[in-house]
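Worksheet: the structure to be examined is printed underneath.
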Amino acid sequence: MPEKKRVDFDFAAHEAPLFKVWEETGYFKRTPGFGEHANDCYTITIPPPNITGVLHMGHALDDTIQDACIRRARMQGYQARWVLGTDHAGIATQTKVDKKLAEEGISRFDIGREKFIEACYEWRAEYGATIVNQIKGMGCSCDYSDEHFTLDPDYIQAVRHLFVDWYHDGLIYRGKRIVNWCPHCTTAIADDEVEYVEEDGHLWYLRYPLVEPVDGQDYIVVATTRPETMLGDTGVAVSPQDDAAQRFVGAKVKLPLVDREIPIFSDYYVDAGFGTGFVKVTPAHDPNDWAMGERHDLEKINIFDETAHVIEGYGEFSGLDRDEARTAIVEAFDRLGLLDHVEDHTHSVMTCYRCHNKLEPWLSEQWFVAVDGLKKDAARVVEDGSITFHPARWKQVYLDWLANLKDWCISRQLWWGHRIPMFYCDACGWQDACVEDISTCPECGSVVRQDEDVLDTWFSSQLWPFATLGWTGKGSQTEELERAYPTQVLATARDIMGLWVARMVMAGEYCMKEIPFQDVIIYPTVMGSDGKPMSKSRGNGVDPLKLMQDYGADGMRFGLLMQVTGAQDLRFNEDKLENSRNFANKIRNAARFVLMNMEGYTPGAPEAKLPVDRWILSRLAGLVERVDKAFDAYEFAEVTRELYAFFWNEFCDWYIEFSKSRLAGDDAAGRLACQRNLIFLLDTSLRLLHPIMPFVTEEIYQQLPGEKDAPYLIGAAWPKARALSDYRDIDAERAIMMVCEVVSAVRATRSRYGISPHQELDVRVKVTDSRDEALLCAQSSLISGMGRISSLIIATDVDKLAGSSVSLAAGLEVYTALSGLVDFDAERVRLRKQLDRLSSDNERLTKKLANPGFLAKAAPEVIEKDRAKQAETLEQIERVQAQLDELA
């Protein structure tokens, strides 16, 4: 990415004091309500970041969205609170601590479980606050006084209650089934945590001898991508639609290397067109084979241990890891003349989402949640609109995920996490799930033991929306839980919609008999500027901490939300952040101008004395209405576009410009009215901007003169559209819009032809109807003054003078006389030369971009840069040609 222009400004030094004041004055806690929402709560629970995490672009976007929502709600008068907390992150944290111990020359097995858990808590104490401090740097208004952790004592109590309740309700069971096993992390992994990677491999064709020949045939050929698992084969399947293979059904083969006789059977799962039509079936090492094994009562033989090494009993192959076993088995088949042939084959390989090693489908005894008893209600509340997804297309994705959900494996073979509250008596066989630890058997008095496994991290985090509000089990109720549940908004990434969102809905419906949140915002994934996922290896990653140094928290926040459209992915554009930083400077400069011109000011209501006043106040009223509508629909890019356009273009470029003569004039009443309008417009704009750009707006708010409705902008009232409705004036909007169009056209003509700004011009304006004519004629003096116009004619039938430029606007044609001011012949020669040069550039770029060799070899950013350059060249050609036509 090209180096951006840096600004020598210490943003953090200006932002940190404001953040400290907000926190110390209590604005981050549950705020008192006011106005129409005085008795209403508005609550967001932050998706808990891992204690191993640091702020990345996904966090930055997610937290900006949540803070914008909670700050606006706080200003609307809700009793607002953004609940903060972190997740213990079972596998991630255990991996970090394991690595730390390894650097010290020891392992967790050397120090034991209790000491290892102590080491994990020490890790949390040292590193757990990292991301929270970074979130503070963004200006996020979380309740830092009440930070939660998924291994807090109350939270542990809540998790154990849920396990016990589900166990006693028959929703949790233990069984021996195929799971996704990570031999590196030595734990089960949930289906949703699997990552698939395309891998170039092979398809091995192996000969399996028949116990007895069939129609003179001594063997069949099976095709497999995993020859190492043949040691655990207990059957061979064919498709019932494969007529040629039906004669083999009921026969048996003698499994090579292990001399096991296994049957050939028919099953509809088999694709007759794959390989040879004969499929080896290994029920203990493939979920589809497991299903066939259940249907046909096949033996399930596990050939690997927990680290994916071949177990004892398999001769020369015992002790080999799965890759070594593959090589050795293929060589053995080749020696025996049973390797038919090998083909290249590309296929998807399951990998662990944490360590990225290959997973192993593995027969293992685990704990499961029977989801069929939970997912019906979780689907209903989305189907009936109780929970709404934004964008709306994610609703069907959610429902499809639920429809295909299988029983959830919740046990993990870790030490760090919520230990499963199951207790066993080996003496009499008693076992039960208990909320409180027990040491002796209630049946025989013998010592009992607790289950060694811990719960899946998502099992505990599914309680987040209500456990953080005080729920600890059946019947538990706190004042905060009673008034704040359900929460209002959840903002999260699409990749955990099943892992977390759906499970929170299931748990909420079960525990609270109510949905956990009303709106779910699925924000786009932030990709690199090249459109690819951000990663260190690609070099396209962006550090939000660095962005805040260069653009300020306000610049990063506003620039990120400018890019949030309804698209699934967001191609990060740092130019947007530069624009946002410039916008923050524009806000400061505009405020500086207004505050420098407050001599003689006394507070008072805005006054719509002149048409320009009526115009800007009407535009402001419409702005508040449009911003509210966009916020309520969670269309954040639309919010930023509306605010940017109003403040920069209408307020700064035009109204402040209109105000300068009044502020410098002798009319004291007019000056005061203008001052009051400027303060009102600035104040209202700051309120609308504050949820997204909290620092610069608070900084300026503190400088505004007069009494305020709140000492800090964070607690000030949000503008109400209905309170501004009396300012709506369609005629004033149309009139001043036309004034701006005419003045812009005249100024553009001056710039295009190099005419001095002091040179007075003759201008004619053709309008479409008598209404526009009357509106614009009433503003003729304003137009003449702003445009340095000596003669102005406005009519529906005005003619274009010879030697005039033509500018088109909405319902307007503006003719500016150029005779005597421009050498037309010389100008035509200059423009033709410019047009020839631009046409030559365009021809060169067209050929280059049509060259397959260039497109195949050039980097994507180079191609994109050339395409942008060609688009700019075509735009310049169009402008130059228009000028030539104008001079004809």
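The shown structure was predicted, so the numbers you read here are calculated from the model rather than taken from an experiment.
- Within a 6.0 Å sphere centred on NZ of Lys136, heavy atoms belonging to other residues, nucleotides or ligands number more than 12.
- For the pairing with Arg81, the side-chain hydrogen bond (donor to acceptor under 3.5 Å, both in side chains) check across Thr487, Asp143, Thr43, Thr45 returns one residue only, Asp143.
- The backbone N or O of Ile692 lies less than 3.5 Å from a partner atom in the side chain of Arg557, making a donor-acceptor pair.
- Only one option out of Asp63, Leu84, Thr64 pairs with Cys140 in a side chain to side chain contact (heavy atoms under 4.5 Å, CB included); it is Asp63.
- In summary, Arg722 and Glu36 engage in a salt bridge, as defined by a charged side-chain N under 4.0 Å from a carboxylate O.
- A donor-acceptor contact shorter than 3.5 Å links the side chain of Asp554 to the backbone of Val696.
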Hey, mind stepping through Asp62 and Gln66 against side-chain hydrogen bond (donor to acceptor under 3.5 Å, both in side chains) and telling me if it holds?
CA-CA 6 Å; Asp62 191 5; Gln66 292 173 83; 3.0 Å; yes
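- Geometrically, Arg71 engages Trp22 in a cation-pi contact, judged by NZ or CZ lying under 6.0 Å from the ring centre and within 45° of the ring axis.
- Rounding to the nearest 0.5 Å places CG of Leu874 at 8.5 Å from CG of Leu845.
- Taking the side chain as every heavy atom from C-beta outward, Ile616 and Glu650 approach each other to under 4.5 Å.
- When side chains are defined from C-beta on, Pro524 does not count as touching Gln568, because their heavy atoms never get closer than 4.5 Å.
- Put simply, the side chain of Leu61 reaches to within 4.5 Å of the side chain of Leu561, judged on heavy atoms.
- Using a 4.0 Å cut-off between charged nitrogen and carboxylate oxygen, Asp67 and Arg74 do not count as a salt-bridge pair.
- Around atom CD of Glu625, no more than 12 heavy atoms belonging to other residues, nucleotides or ligands sit under 6.0 Å away.
- For Ser751 (side chain) and Arg747 (main-chain N/O), no donor-acceptor pair under 3.5 Å exists by modelled atom type.
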Let's go through Phe572 and Ser529 carefully: what are the C-alpha distance in whole Å and the side-chain angles of both, what is the deciding distance for side-chain contact (heavy atoms from CB on, under 4.5 Å) to 0.1 Å, and is it a yes or a no?
CA-CA 5 Å; Phe572 180 69; Ser529 58; 5.5 Å; no
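- The closest donor-acceptor contact from the side chain of Gln563 to the backbone of Leu570 lies at 3.5 Å or more, if one exists at all.
- Ring centroid separation for the pair Phe19 and Phe28 comes in under the 6.0 Å cut-off.
- Expressed to the nearest 0.5 Å, how far CZ of Arg494 lies from CD1 of Ile522 amounts to 10.0 Å.
- No donor-acceptor distance shorter than 3.5 angstrom exists from the side chain of Asn50 to the backbone of Thr52, with no hydrogens or angles considered.
- Minimum interatomic distance between Arg503 and Gln462 (heavy atoms only, all atoms of both residues): O-OE1, 3.3 Å.
- Contact record, Ala721 with Asp628: CB-OD2, 4.4 Å, taken as the closest heavy-atom pair.
- Looking at Glu383 and Arg380, no side-chain N of the basic residue comes within less than 4.0 Å of a carboxylate O on the acidic one, giving no salt bridge.
- No donor-acceptor distance shorter than 3.5 angstrom exists from the side chain of Glu642 to the backbone of Arg626, with no hydrogens or angles considered.
- Ring geometry for Phe558 versus Phe583: interplanar angle of 30 to 60°, hence tilted.
- A cation-pi geometry, defined here as NZ or CZ lying under 6.0 Å from the six-membered ring centre and within 45° of its normal, holds between Arg72 and Trp718.
- For the residue pair Gln870 and Asp866, no side-chain donor N or O sits within less than 3.5 Å of a side-chain acceptor on the partner.
- Using cut-offs of 30° and 60° on the angle between ring planes, the pair Tyr655 and Phe651 is parallel.
- Aromatic ring pairs are classed by plane angle as parallel below 30°, tilted from 30° to 60° and perpendicular above 60°; the pair Phe636 and Phe631 is perpendicular.
- A heavy-atom distance below 4.5 Å is not found between the side chains of Thr684 and Leu623.
- Ring geometry, Tyr712 versus Tyr27: the interplanar angle exceeds 60°, so the pair is classed perpendicular (tilted spans 30 to 60°).
- For the pair Pro48 and Trp500, the tightest heavy-atom approach, listed with the atom from each and the gap, is CD-CZ2, 3.8 Å.
- Contact check on Glu638 versus Arg641 returns a salt bridge, with a Lys/Arg side-chain nitrogen under 4.0 Å from an Asp/Glu carboxylate oxygen.
- When side chains are defined from C-beta on, Trp464 does not count as touching Asp87, because their heavy atoms never get closer than 4.5 Å.
- A side-chain N or O of Gln396 and one of Asp400 form a donor-acceptor pair less than 3.5 Å apart.
- Inter-residue side-chain proximity for Tyr701 and Lys708 is flagged as met; some heavy-atom pair is nearer than 4.5 Å.
- Distance alone, capped at 3.5 Å, places no donor-acceptor pair between the His390 side chain and the Tyr634 backbone.
- Of the inter-residue distances, the one linking Leu689 atom CG with Thr640 atom OG1 reads 10.5 Å to the nearest 0.5 angstrom.
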Is there a side-chain contact (heavy atoms from CB on, under 4.5 Å) between Val505 and Phe517 once you walk through the steps?
CA-CA 8 Å; Val505 177; Phe517 28 70; 3.9 Å; yes
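- Considering CD of Gln549 and CZ of Phe11, their distance stands at 10.5 Å, rounded to 0.5 Å.
- Residues Asp709 and Ala717 approach most closely at OD2-N, 3.0 Å, considering heavy atoms.
- Heavy atoms only, all atoms of each residue included: Met504 and Ser461 are closest at CG-O, 4.0 Å.
- We find that Arg588 and Glu699 are joined by a salt bridge, their nearest charged nitrogen and carboxylate oxygen being less than 4.0 Å apart.
- Contact between Ala379 and Leu399 at its shortest, heavy atoms only, is O-CD2, 3.8 Å.
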What's the verdict on side-chain contact (heavy atoms from CB on, under 4.5 Å) for Tyr398 and Ile387, showing C-alpha distance, side-chain angles and the deciding distance?
CA-CA 11 Å; Tyr398 169 94; Ile387 296 175; 5.7 Å; no
Please evaluate residues Cys69 and Tyr42 with respect to the criterion side-chain contact (heavy atoms from CB on, under 4.5 Å), reporting the C-alpha separation (whole Å), side-chain torsions for both, the decisive distance (0.1 Å), and the verdict.
CA-CA 10 Å; Cys69 291; Tyr42 188 101; 3.8 Å; yes
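- For the pair Gln79 (side chain) and Ala38 (backbone), a donor-acceptor distance under 3.5 Å is present.
- Under the 3.5 Å distance criterion, the side-chain polar atoms of Thr697 are matched with a main-chain donor or acceptor of Pro694.
- Note that CD of Gln518 and CD of Gln488 are 5.0 Å apart. Values are rounded to the nearest 0.5 Å.
- For the atom pair CG of Asp683 and CD1 of Ile700, the computed distance is 11.5 Å after rounding to the nearest 0.5 Å.
- Annotation: side chain of Asp653 is in contact with side chain of Lys586 (closest heavy-atom distance under 4.5 Å).
- Residues Ile736 and Trp654 form no side-chain contact, since every pair of their non-hydrogen atoms from C-beta on lies 4.5 Å or further apart.
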